[in-house]
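The next block holds one structure in the form of structure tokens; read it before the comments.
The figures that follow rest on heavy atoms only: side chains count, while hydrogens, waters and symmetry mates do not.
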Amino acid sequence: QVQLVESGGGLVQPGGSLRLSCAASISILTIDFLDWYRQAPGKQREMVASITRSGTHYADSVKGRFTISRDEAKNAVNLQMNSLKPEDTAVYYCNTAANGRYFWGQGTQVTVSS
């Protein structure tokens, strides 16, 4: 019984930046984790970033370029994406869990192209 809504996707040139946001229907202070996943056409879905009560983690492919953080004023979790590459092109989803169930947003498209 949790709704997640991603926003901020779009078309950007290589080397550019985007900031994605995942707004939650419950307080983000009550959740143990929120993950960002992405899925490119013809490829397996992969986790790119995670924020928990203990800290943050990143996939090797995005480490040093992406930053995940909480935005308590907006009750959201953001994903700041810098130095974007064409291989970052994908639909990005946020994910969390509550009461033993996983919840996903609808996804937001990120396209990196010149």
Holding to side-chain hydrogen bond (donor to acceptor under 3.5 Å, both in side chains), I want the full list of residues that pass it with [X], two or more places apart in sequence or in another chain.
X	result
S50	D35
R19	none
E72	none
Q109	T111

For the student: nearest non-hydrogen atoms of [X] and [Y], plus distance:
X	Y	result
I26	N75	O-ND2, 2.9 Å
P14	S114	CD-N, 3.6 Å
A76	S21	CB-OG, 3.6 Å
V110	G9	CG2-CA, 4.2 Å
L79	A49	CD1-CB, 3.9 Å

Q: May I have the step-by-step check of side-chain contact (heavy atoms from CB on, under 4.5 Å) for N95 and Y102, ending in yes or no?
A: CA-CA 7 Å; N95 168 254; Y102 288 94; 3.8 Å; yes
Enter the distance from [X]:[atom1] to [Y]:[atom2] here, rounded to the nearest 0.5 Å.
X	Y	atom1	atom2	answer
Y37	M47	OH	CE	5.0 Å
T30	I28	OG1	CD1	9.0 Å
W36	M81	CH2	CE	8.5 Å
Y58	I51	OH	CD1	7.0 Å
Q13	L11	CD	CG	8.0 Å
L84	T89	CG	OG1	8.5 Å

Q: Determine whether more than 12 heavy atoms belonging to other residues, nucleotides or ligands lie under 6.0 Å from atom CD of Q106.
A: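 Yes, because the 6.0 Å sphere around CD of Q106 holds more than 12 heavy atoms from other groups.
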Q) Between S83 and R65, does a side-chain contact (heavy atoms from CB on, under 4.5 Å) hold up when you go through it step by step? A) CA-CA 6 Å; S83 301; R65 299 188 296 119; 3.9 Å; yes
Q: Compute both the distance and the angle, then confirm whether R38 meets the cation-pi test with Y92: under 6.0 Å from the six-membered ring centre, within 45 degrees of the axis.
A: no
Q | Worked check of side-chain contact (heavy atoms from CB on, under 4.5 Å) between D71 and V77 | A | CA-CA 6 Å; D71 186 343; V77 173; over 6 Å; no
Q.
Please check: side-chain N/O of D88 versus main-chain N/O of V112, any donor-acceptor pairing under 3.5 Å?
A.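 No, because the side chain of D88 does not come within donor-acceptor range (under 3.5 Å) of the backbone of V112.
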Q) Mind checking whether F66 and V12 sit in one hydrophobic cluster, side chains of I, L, V, M, F, W, Y counted as touching below 4.5 Å? A)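 Yes, F66 connects to V12 through the hydrophobic network.
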Q: Not counting sequence neighbours, list each pair that qualifies as a disulfide bond (SG atoms under 2.5 Å apart) and has a residue in residues 8-104.
A: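 Every pair satisfying disulfide bond (SG atoms under 2.5 Å apart) with a residue in residues 8-104: C22-C94.
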Q | Parallel, tilted or perpendicular, as decided by the 30° and 60° cut-offs, for the rings of W104 and Y93 | A | perpendicular
Q: Classify the side-chain pair S69/N78 by whether it contains a donor and acceptor separated by less than 3.5 Å.
A: no
**Q.** salt bridge (charged side-chain N to carboxylate O under 4.0 Å, His left out) partners for D32, two or more places apart
**A.**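 Counting only residues at least two positions away or on another chain, D32 forms a salt bridge (charged side-chain N to carboxylate O under 4.0 Å, His left out) with R53.
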